[in-house]
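Shown next, in structure tokens, is the structure this report addresses.
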2 protein chains.
Amino acid sequence: MRVDSVPEATLRRLPSYYHYLLRLREKGQELISAAQIGVALGVHHTQVRKDLAVTGSQGRPKVGHRVDDLIASIEEFLNWNNVSDAFLVGAGHMGTALLGYEGFERAGVRIVAAFDASPRRAGKKIQGVSVLPVEKFPDLARRMHVVIGILTVPAEDAQGVAEMMVASGIQAIWNFAPIVLELPETVIVEDVALYSSLGVLSRRLAVRRKSAAARDSVRAGP
Amino acid sequence: MRVDSVPEATLRRLPSYYHYLLRLREKGQELISAAQIGVALGVHHTQVRKDLAVTGSQGRPKVGHRVDDLIASIEEFLNWNNVSDAFLVGAGHMGTALLGYEGFERAGVRIVAAFDASPRRAGKKIQGVSVLPVEKFPDLARRMHVVIGILTVPAEDAQGVAEMMVASGIQAIWNFAPIVLELPETVIVEDVALYSSLGVLSRRLAVRRKSAAARDSVRAGP
DNA sequence: CGCAGATCGAGAAAATCATCTCGATAAAAA
DNA sequence: TTTTTATCGAGATGATTTTCTCGATCTGCG
Ligand SMILES: NC(=O)c1ccc[n+]([C@@H]2O[C@H](COP(=O)([O-])OP(=O)(O)OC[C@H]3O[C@@H](n4cnc5c(N)ncnc54)[C@H](O)[C@@H]3O)[C@@H](O)[C@H]2O)c1
Ligand SMILES: NC(=O)c1ccc[n+]([C@@H]2O[C@H](COP(=O)([O-])OP(=O)(O)OC[C@H]3O[C@@H](n4cnc5c(N)ncnc54)[C@H](O)[C@@H]3O)[C@@H](O)[C@H]2O)c1
């Protein structure tokens, strides 16, 4: 029996519903229909219903869903109401940006310490989070029962650091390095593939230019 | 006739092949089979073949593909060999991290200027890139024919800034804010949904914990 | 030179994901 | 009260993506 039979695509859309709903709540709106969500976020309304259904939230005909309920359901479904501690390794450009961000707490993650191999970085504090020598990671991770690791080291160091994380009890890795980590299947790895996103953008732009050029040459006459 | 009939999933996998191939080349490897790529990156080998096929690259039976050829094909397909200029708006934490990153040039994008609304930031240089007052964006974008915009402002400012970008001739937006932008369909928007990725991670971890707990309670006896 | 083994690539089959259809339901209007 | 209307949710249909199957091709070895 599959415990987790929720489509990955659904999982990826839920956070976007969530942020939209937060904005609605801020504006004081109490009710919302799947159709409205769909229009705002560019998703088909039946898809929105299916997505919301997996969180267990129910809507009422003619009324829609209570914004508060939806927010709570999504939070519970994603486990965003229980904040977990996380360790970050690689306090460079990207690592620093993540450390300075308050938004992750609402997404169930609190970065409680950062680690770096460079003596230049270790010892400092970034946004109130201490940067420690990476050698201290294993011991601290075990003692604090930290199971989430955030990986922001250069690609060539990523595999090694990831193995160290797993050996220290880390169960899930949020990986920013452009490399596919080879780890035991039991470890959850989520890649932030910035290049993928750039690839899509670049390709779309190139196709657009090409078809524009083709149109122009047709217009000019063959 | 659809010009761009390439699955989005393929587009997203290509950069990961690309980085893997770069590492192979560095190690001096000249040939590679689809099966080997598949094993290394966790993709089915027939899928790898289909993906590589869209770039126009051909392999030879019994030998595989030339690493150099594959790299060149992917670069050409994604238009990563033509570097385009880009403007970034929002020189905060995330914006600064992106400005400090040399890797984007290999992905066809060069950030040539940054813009910010805060007088504290405007006027400085970050990693050699000038930060200008955001008011200068429209004029400069037109004059320099910049068509790519990178959006790293807070979510509540994102829609407004995006509209300003589009009004200034921007055709593609790389959006880091957790909001779905409402723009003309002709504008290419690529969302870097960091929260989506965190949602997947969080959910997987929660499911894992739940099933572990269930197992334990069964073991303890019903 | 002919055969064995590895690999490719095209097309069929299967799985997954998105959209469409429709009856049910609750609120509001007649 | 009855009708109308907006919305939900379940199941059928359709589209897309992934995996399977198989014949073709190329290299190296006997
Ligand atoms: N900065 C970006 O905008 C950006 C964009 C896309 C991807 N990335 C990826 O994110 C990762 C980090 O990028 P960055 O720009 O922050 O790099 P960076 O060089 O600024 O930071 C890397 C940090 O990791 C530390 N480090 C190196 N090896 C280590 C080890 N073994 N243990 C602990 N710490 C170690 C370094 O001391 C440094 O502080 C890279 O893999 C990069 O490809 C970054
Ligand atoms: N930092 C992160 O790790 C992180 C993670 C996920 C998402 N994000 C998203 O990225 C965006 C930026 O985050 P950040 O942490 O860099 O925020 P930040 O506050 O550090 O930076 C935002 C910058 O935008 C500037 N700005 C605000 N309004 C502007 C306007 N109208 N025109 C021009 N500049 C303007 C501000 O002056 C500031 O310098 C946010 O939408 C955030 O949700 C950031």
Side-chain angles (χ1 to χ4, degrees), chain A residues 1-14 16-17 21 24 29-70 73-74 77 180 193 196 199-200 203-204, chain B residues 1-14 16-17 21 24 29-70 73-74 77 180 193 196 199-200 203-204:
Chain A
M1 183 192 79
R2 276 179 71 194
V3 178
D4 185 15
S5 65
V6 178
E8 163 134 359
T10 293
L11 242 35
R12 296 201 176 277
R13 280 187 296 263
L14 285 173
S16 116
Y17 300 157
L21 293 165
L24 286 186
Q29 188 170 335
E30 297 192 346
L31 295 168
I32 184 78
S33 73
Q36 284 173 280
I37 296 179
V39 169
L41 305 185
V43 178
H44 200 277
H45 61 99
T46 56
Q47 186 66 71
V48 175
R49 285 202 195 93
K50 278 191 169 30
D51 289 343
L52 297 181
V54 306
T55 72
S57 180
Q58 298 221 26
R60 277 163 49 188
K62 182 83 180 182
V63 202
H65 299 252
R66 294 195 54 79
V67 172
D68 280 339
D69 289 355
L70 279 185
S73 300
I74 295 176
F77 181 78
V180 174
S196 294
V200 175
R203 169 71 192 172
R204 294 243 168 90
Chain B
M1 185 192 78
R2 274 178 72 193
V3 178
D4 186 14
S5 64
V6 178
E8 162 134 0
T10 293
L11 242 36
R12 294 199 178 277
R13 280 187 296 263
L14 285 173
S16 115
Y17 301 158
L21 293 164
L24 286 186
Q29 187 169 336
E30 298 192 343
L31 295 168
I32 183 79
S33 73
Q36 284 174 279
I37 296 179
V39 169
L41 305 186
V43 178
H44 200 277
H45 60 100
T46 56
Q47 186 68 69
V48 175
R49 287 204 191 91
K50 279 195 167 30
D51 288 344
L52 297 181
V54 307
T55 71
S57 180
Q58 298 224 21
R60 278 164 43 189
K62 180 81 177 183
V63 255
H65 298 252
R66 294 195 55 77
V67 173
D68 280 340
D69 289 357
L70 279 185
S73 301
I74 296 177
F77 181 78
V180 174
S196 294
V200 175
R203 169 72 191 170
R204 293 240 168 92

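Quick note on labels: first sequence line is chain A, next is B, and so on, each numbered from 1.
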ask   = For residues 46-56 of chain B, which residue pairs qualify under side-chain hydrogen bond (donor to acceptor under 3.5 Å, both in side chains), counting only residues two or more places apart or in two chains?
value = Thr10(B)-Asp51(B), Arg13(B)-Asp51(B), Tyr17(B)-Asp51(B), His44(B)-Thr46(B), His45(B)-Arg49(B), Gln47(B)-Asp51(B)
task = Could you run through nucleotides 23-30 of chain D and give me one letter per nucleotide, 5' to 3': B if any protein heavy atom sits under 4.0 Å from the base, S if only the sugar-phosphate is that close, - if neither?
result = --BBB---
query = Is a salt bridge present between Arg204(A) and Glu8(B), judged by a nitrogen-to-oxygen distance below 4.0 Å?
reply = yes
query = Atom CG of Leu31(A) to atom C1' of dA26(C): distance rounded to whole Å?
reply = 13 Å
Can I get a per-line list of side-chain donor-acceptor pairs under 3.5 Å for residues 56-63 of chain A, giving both atom names and the distance, sequence neighbours left out?
none

message = Restricting to salt bridge (charged side-chain N to carboxylate O under 4.0 Å, His left out), what partner residues turn up for Glu30(B), sequence neighbours left out?
response = none
inquiry  = Among residues 34-54 of chain A, which ones have heavy-atom contacts with DNA chain D below 4.0 Å?
reply    = Ala34(A), Arg49(A), Lys50(A)
request  = Evaluate the side-chain proximity of Leu31(B) to His65(B): yes if any heavy-atom separation is below 4.5 Å, no if none is.
outcome  = no
note = In whole angstroms, the gap separating P of dC8(C) from CD of Gln58(B) amounts to 12 Å
message = Please determine whether a side-chain nitrogen or oxygen atom of Arg13(A) lies at a distance below 4.0 Å from atom OP1 or OP2 of dA18(C).
response = yes
request  = With sequence neighbours left out, write down each residue that passes side-chain hydrogen bond (donor to acceptor under 3.5 Å, both in side chains) with Gln29(B), or none if nothing qualifies.
outcome  = none
inquiry  = If you define the side chain from C-beta out and look only at heavy atoms, does anything of Leu70(A) sit under 4.5 Å from Ile37(A)?
reply    = yes
query = Are the side chain of Arg203(B) and the backbone of Phe77(A) linked by a donor-acceptor contact shorter than 3.5 Å?
reply = yes
